[in-house]
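Below, read A as the first sequence line, B as the second, and so on, with proteins coming before strands; counting in each chain starts at 1.
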There are 2 protein chains.
Amino acid sequence: MEILIAEDDEQIANSLKKNFTEEGNHVMVAKDGEEAIHFSNSIFFDVILLDWRMPKVSGIEVCRRIRENGSKVPIILLTALSHVKNKVEALNLGADDYVTKPFSFDELNARITAVVRRYQSNTNELIFNDITLELIGRKVNTPRGEIYLTAKEFDLLRYFILHKGSIMSKEEICKDVWGLDFVPSTNIIEATVKNLRRKIEDNNGKNLIKSIYGEGYLFIAE
Amino acid sequence: MEILIAEDDEQIANSLKKNFTEEGNHVMVAKDGEEAIHFSNSIFFDVILLDWRMPKVSGIEVCRRIRENGSKVPIILLTALSHVKNKVEALNLGADDYVTKPFSFDELNARITAVVRRYQSNTNELIFNDITLELIGRKVNTPRGEIYLTAKEFDLLRYFILHKGSIMSKEEICKDVWGLDFVPSTNIIEATVKNLRRKIEDNNGKNLIKSIYGEGYLFIAE
DNA sequence: AACAATAATGAAAATTCATTCACTTTCTAT
DNA sequence: ATAGAAAGTGAATGAATTTTCATTATTGTT
């Protein structure tokens, strides 16, 4: 999983990062609210952990801003305050859960699992800029009208959007989109990318799918 | 939309039924909680309206029992009581919204729209008995293992399950599954039903898809 | 029981889609 | 600049799926 931790207390941040990384996750640490917003806007995360008290922008304000942008990424707030009113406020602003310091790593982990599962099984719409994927109906809409994608193109676009902002290797793409544990000797990915590019290029003919020579693809995160 | 109204006050029930029917919906009225549970277990509804005070089984108890069965159908409670505590109780027991009498038809309608939209965009799993459809991943699982359906077969099964218990005409099926506004002169539906039947028949070779001569198909509820 | 309408079936035809291939272009390191 | 690797392209292939068709079976009505 891709995890973003926004926490100004370096000791806590590092300890969490170490624990999560050991479990096989990728962790990024933002040291204030501003950075958290910046990261969350450009990179895909499975879950975002926000400290309530942070320099520049508070966790709850970060939460509000993330939701304002239309993102439904799971958010868990961490805080020393245990007053119930805060909890209500947090949940009203779109946080998915709330953990009171001090907490055990296991407790936090359990809550992350619960929140991520709830999220993953509960979203029909995947929105990227002006492109909207209707995941169940498998339709793709833009302000210019519906785009008709084949099954593979749709799966690939979904994968790209979910992982926007980070480089996706051919190995990963093969595994997640084609269900293959190896990279075929043919150029099947490139061929599908070609067709997808043609269909989703914008008015200016600019494309969102960037090739990173020797590494894979990068879906531009606005 | 398919709407179930559980309301013992005949005057209110009829007035609501008239209004909803005029807007092109199909309405069923249950005159007590027992009937409401019975209907909701055997027929698909897009939304269920429950009066709080009803003979035999109260609305809130009906709500609890429906949720107990695993159904996530949108439920709106109607009540004369306006005390906040009841609202909390209702929402805790799994109701999606709560409307206080007297209410205007427009208000109720707006809440239905909101609740149905929220529901439709938020379910990945569609469960029918021991068949589970993973709507986004498009996989079908049973205790006997995964069933591999083609795209059309999957869409048709989804439609059948969503409308279990009521007869579906070929016109409706054509429109919703094939996106056609007319029924083709060929037997395309029958052919697809045949293949679907073969794949989802149970251990005894019994099938869930029943033909209603001259009317359409019926997906056996329960 | 006989008829007409409707539905089911198996196989063929048509279509669509995923994949491959041969070739061109682009990129990076030297 | 250039070679070699990587990525892109358009067309062809092949496989899977959707649709059609001819035929048989079933159902409801008389």
(request) For B/Lys210, answer base if it contacts any base atom (sugar-phosphate contacts may also be present), sugar-phosphate if it contacts only those atoms, and nothing otherwise; contact means non-hydrogen atoms under 4.0 Å. (result) nothing
(request) Scan for salt bridge (charged side-chain N to carboxylate O under 4.0 Å, His left out) pairs involving residues 148-161 of chain A, sequence neighbours excluded, and state none if there are none. (result) A/Arg138-A/Asp155, A/Glu153-A/Lys199
(message) To the closest 0.5 Å, what do you measure between CD1 (B/Ile209) and CG (B/Leu157)?
(response) 7.0 Å
(message) Can you tell me how far apart NE2 (A/His163) and CG (A/Leu218) are? Round to the nearest 0.5 Å.
(response) 13.0 Å
(message) What I want to find out is whether B/Lys194 reaches B/Glu190 closely enough, with some N-O distance under 4.0 Å, to be called a salt bridge.
(response) no
(request) Determine the contact category for B/Ile209: base if any of its heavy atoms lies under 4.0 Å from a base atom, sugar-phosphate if only primed atoms, P, OP1 or OP2 are that close, otherwise nothing. (result) nothing
(request) Name all residues meeting the ring pair (Phe, Tyr, Trp, His ring centres under 6.0 Å) criterion together with B/Phe105; count only those two or more places apart in sequence or in a different chain, and write none if there are none. (result) B/Phe20
(request) Note the angle between the end axes of the helix from C/dA1-D/dT30 to C/dT30-D/dA1, five pairs defining each, rounded to 10 degrees. (result) 30°
In a table with atom names and distances, give each donor-acceptor pair under 3.5 Å that connects a side chain of residues 8-18 of chain A to protein atoms at least two apart or in another chain.
| unit_1 | atom_1 | unit_2 | atom_2 | d |
| --- | --- | --- | --- | --- |
| A/Asp9 | OD1 | A/Gln11 | N | 2.9 |
| A/Asp9 | OD1 | A/Ile12 | N | 3.3 |
| A/Asn14 | ND2 | A/Glu10 | O | 3.3 |

(request) For B/Asp51 and B/Met54, indicate whether the former's side chain and the latter's backbone hold a donor-acceptor pair under 3.5 Å. (result) no
(request) May I ask you to say what B/Tyr217 touches in the nucleic acid, namely base, sugar-phosphate or nothing, with a heavy-atom cut-off under 4.0 Å? (result) sugar-phosphate
(request) Could you say whether A/Gly214 or A/Lys194 is positioned toward the 5' end of DNA chain D, judged by the nucleotide with the nearest heavy atom to each? (result) A/Gly214
(request) Calculate the interatomic distance between A/Arg138 atom CZ and C/dC17 atom P; express it in whole Å. (result) 12 Å
(message) Below 30° counts as parallel, above 60° as perpendicular, anything between as tilted: where do the rings of A/Phe219 and A/Phe128 land?
(response) perpendicular
(request) Ignoring hydrogens and angles, tell me if any N or O in the side chain of A/Asp32 forms a donor-acceptor pair with the backbone of A/Glu34 under 3.5 Å. (result) yes
(request) Let me have a per-nucleotide readout for nucleotides 19-27 of chain C, 5' to 3', with B, S or -, counting only protein heavy atoms under 4.0 Å. (result) SBBB----B
(message) Distance check needed: C/dA11 P versus B/Arg198 CZ, whole Å only.
(response) 12 Å
(request) Determine, for B/Arg64 against B/Glu61, whether the closest basic-nitrogen to carboxylate-oxygen distance falls under 4.0 angstrom. (result) yes
(request) Figure out the CG/P separation between A/Leu149 and C/dA18, and round it to whole Å. (result) 10 Å
(message) Using whole Å, what does the distance between atom C1' of nucleotide C/dT6 and atom CD of B/Glu215 come to?
(response) 12 Å
(request) Check the side chains of A/Arg197 and A/Thr192 for a donor-acceptor pair under 3.5 angstrom, ignoring hydrogens and angles. (result) no
(message) Reading DNA chain D from 5' to 3', where do the contacts with chain A start and stop? Cut-off is 4.0 Å to heavy atoms.
(response) D/dG4 to D/dG10
